[in-house]
Asks: 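Would you mind keeping the following structure in view while I ask a few things?
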Amino acid sequence: VYYQKMLGVSYSRVMAQLQKGSLVYEAGAFTAALGDINFERIGLGAGNMLRGMLNKSRGEEFFKSRISGTGFVWLKETTSPLIAVELKNSRLVLEKGAFYAGFGNLKFSIAGDVGVSNVVLGGGRNLVNVSIEGSGVVILELPVKESELLKIPVRPGLPVQVDDALVLFRYGNVSRRTGLSGGVTTAFLNKEGVLDVYEGNGYVCVAPTLNIYHELGYTKPEIPEQN
């Protein structure tokens, strides 16, 4: 707590007022509720059980929880920055398991990118992800500050090539496949030879500073030798 205060770390949380409405939240995010409130657990589709279990192995919950009724709901506090993404009869695919909560007419399922190129060239990375469709608001937990995000538009005939490790989510009618930036030999000898290509109509949200945080987080301090 001392170092959090010294670094200026702040806490964020969501309080929702429901009027015969509902919200879906990530397992473990509930804190308290007041009023005529009902709880239920929802899956991401019975037909997607196998892919859902694979997804859970990556740290993303296969099941979500839903609260409906009239009253107030408080969700957990988090030190991660929160962002609200509005859906207007559109689709949001999460590639980093950043879901926190969702409000409105939203349908949850599993998006599978299991093309040959994704399996062979991508090494099986991000083959299954949570897909959210409909109209409403989705709140995401970010690994970086919102000001550090880069939203790159994807348009028909204008694909976007990006390092998949930096993509947080994609919005709209956007598909993903794995491609090569150079020859086959270059791709297998050089990590940067394999890129993910996003095509369709929408945008991808990229966190360019994500690798910097990872490097800082995994840097081990030098321990002086004891005499």
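Counting begins at 1 with the first residue of the sequence.
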Asks: Indicate if Val138 and Leu23 have the same hydrophobic cluster label, given that clusters are the connected sets of ILVMFWY residues with side-chain heavy-atom separations under 4.5 angstrom.
Replies: no

Asks: Quick one: are Leu87 and Ile132 in side-chain contact, heavy atoms under 4.5 Å?
Replies: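 Yes. Closest side-chain heavy atoms under 4.5 Å.
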
Asks: Please report the C-alpha distance between Leu75 and Arg13 in whole Å, then the side-chain angles of each, then the deciding distance to 0.1 Å, and finally whether the side-chain contact (heavy atoms from CB on, under 4.5 Å) criterion is met.
Replies: CA-CA 6 Å; Leu75 298 183; Arg13 70 167 176 262; 5.9 Å; no

Asks: Would you call Arg41 and Lys64 a side-chain contact if the rule is heavy atoms closer than 4.5 Å?
Replies: no

Asks: Between Glu40 and Arg66 (salt bridge meaning N to carboxylate O under 4.0 Å), is one present in this structure?
Replies: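 Salt bridge between Glu40 and Arg66, a charged N being under 4.0 Å from a carboxylate O: yes.
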
Asks: Considering only heavy atoms from C-beta outward, does the side chain of Ser80 approach that of Leu142 to under 4.5 Å?
Replies: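 No, their side chains stay 4.5 Å or more apart.
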
Asks: Supply the atom-to-atom distance Ser135 OG to Asn105 CG, rounded to the nearest 0.5 angstrom.
Replies: 6.5 Å

Asks: Which pair of heavy atoms, one from Gln161 and one from Leu195, lies closest together, and at what distance?
Replies: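 Shortest heavy-atom contact: OE1-CD1, 3.8 Å.
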
Asks: Could you tell me whether a side-chain N or O of Thr78 sits under 3.5 Å from a main-chain N or O of Ser12, the two making a donor and an acceptor?
Replies: no

Asks: Linking I/L/V/M/F/W/Y whenever their side-chain heavy atoms sit closer than 4.5 Å, directly or via other members, would Ile83 and Val130 fall into one cluster?
Replies: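 In one cluster with Ile83: Val130, yes.
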
Asks: Report yes or no: do Val162 and Leu149 belong to one cluster of Ile/Leu/Val/Met/Phe/Trp/Tyr joined by side chain heavy-atom distances under 4.5 Å?
Replies: yes

Asks: Is the shortest heavy-atom distance from the side chain of Val24 to the side chain of Leu106 under 4.5 Å?
Replies: no

Asks: Quick one: closest heavy-atom pair of Gly28 and Lys76, and the distance?
Replies: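 Shortest heavy-atom contact: O-CD, 4.0 Å.
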
Asks: Could you tell me if the side chain of Ile67 sits less than 4.5 Å from the side chain of Phe39, heavy atoms only?
Replies: yes

Asks: With heavy-atom distances below 4.5 Å as the criterion, would you say the side chains of Tyr203 and Val160 are in contact?
Replies: no

Asks: Do Phe169 and Val206 belong together in a cluster built from hydrophobic side chains that touch within less than 4.5 Å?
Replies: yes

Asks: Can you see which heavy atom on Leu168 is nearest to which on Pro143, and at what distance?
Replies: CD2-CG, 3.8 Å

Asks: How close do Ala84 and Val137 get, heavy atom to heavy atom, and via which atoms?
Replies: CB-CG1, 3.9 Å

Asks: Identify the heavy atoms of Ile37 and Leu18 that sit nearest to each other, and give their distance.
Replies: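 Smallest interatomic distance, heavy atoms only, reads CD1-CD1, 4.3 Å.
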
Asks: Yes or no on side-chain contact (heavy atoms from CB on, under 4.5 Å) for Tyr198 and Ile152, after CA distance, side-chain angles and deciding distance?
Replies: CA-CA 10 Å; Tyr198 292 84; Ile152 306 176; over 6 Å; no

Asks: Please assess Val174 against Glu199 for the test side-chain contact (heavy atoms from CB on, under 4.5 Å), listing each intermediate value before the final yes or no.
Replies: CA-CA 5 Å; Val174 178; Glu199 299 171 302; over 6 Å; no

Asks: Quick check: do Tyr25 and Ile139 have side-chain heavy atoms less than 4.5 Å from each other?
Replies: no

Asks: Residues two or more places apart in sequence or in another chain: which of them pass side chain to side chain donor-acceptor pair (under 3.5 Å) with Ser22?
Replies: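 By the side chain to side chain donor-acceptor pair (under 3.5 Å) rule, Ser22 matches no residue at all.
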
Asks: Does Ser90 reach the main-chain N or O of Gly172 with its side chain, forming a donor-acceptor pair under 3.5 Å?
Replies: no

Asks: For the residue pair Phe99 and Phe108, categorise the inter-ring angle as parallel (less than 30°), tilted (30 to 60°) or perpendicular (more than 60°).
Replies: perpendicular

Asks: Which heavy atom of Ala33 sits nearest to which heavy atom of Phe30, and what is that distance?
Replies: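 Taking every non-hydrogen atom into account, N-CZ, 3.6 Å.
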
Asks: Apply side-chain contact (heavy atoms from CB on, under 4.5 Å) to Arg176 and Glu95, showing your working.
Replies: CA-CA 11 Å; Arg176 176 175 64 86; Glu95 300 200 13; 3.7 Å; yes

Asks: Nearest 0.5 Å, please: how far is OG in Ser65 from CD in Glu26?
Replies: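 Taking CD in Glu26 and OG in Ser65, the distance rounds to 8.5 Å.
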
Asks: Answer yes or no: are there more than 12 heavy-atom neighbours, outside Arg155 itself, under 6.0 Å from its atom CZ?
Replies: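 For Arg155, atom CZ is crowded (more than 12 foreign heavy atoms under 6.0 Å).
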
Asks: When clusters are formed by joining ILVMFWY residues with side-chain heavy atoms under 4.5 Å apart, either directly or through shared neighbours, do Tyr171 and Val144 land in the same one?
Replies: yes

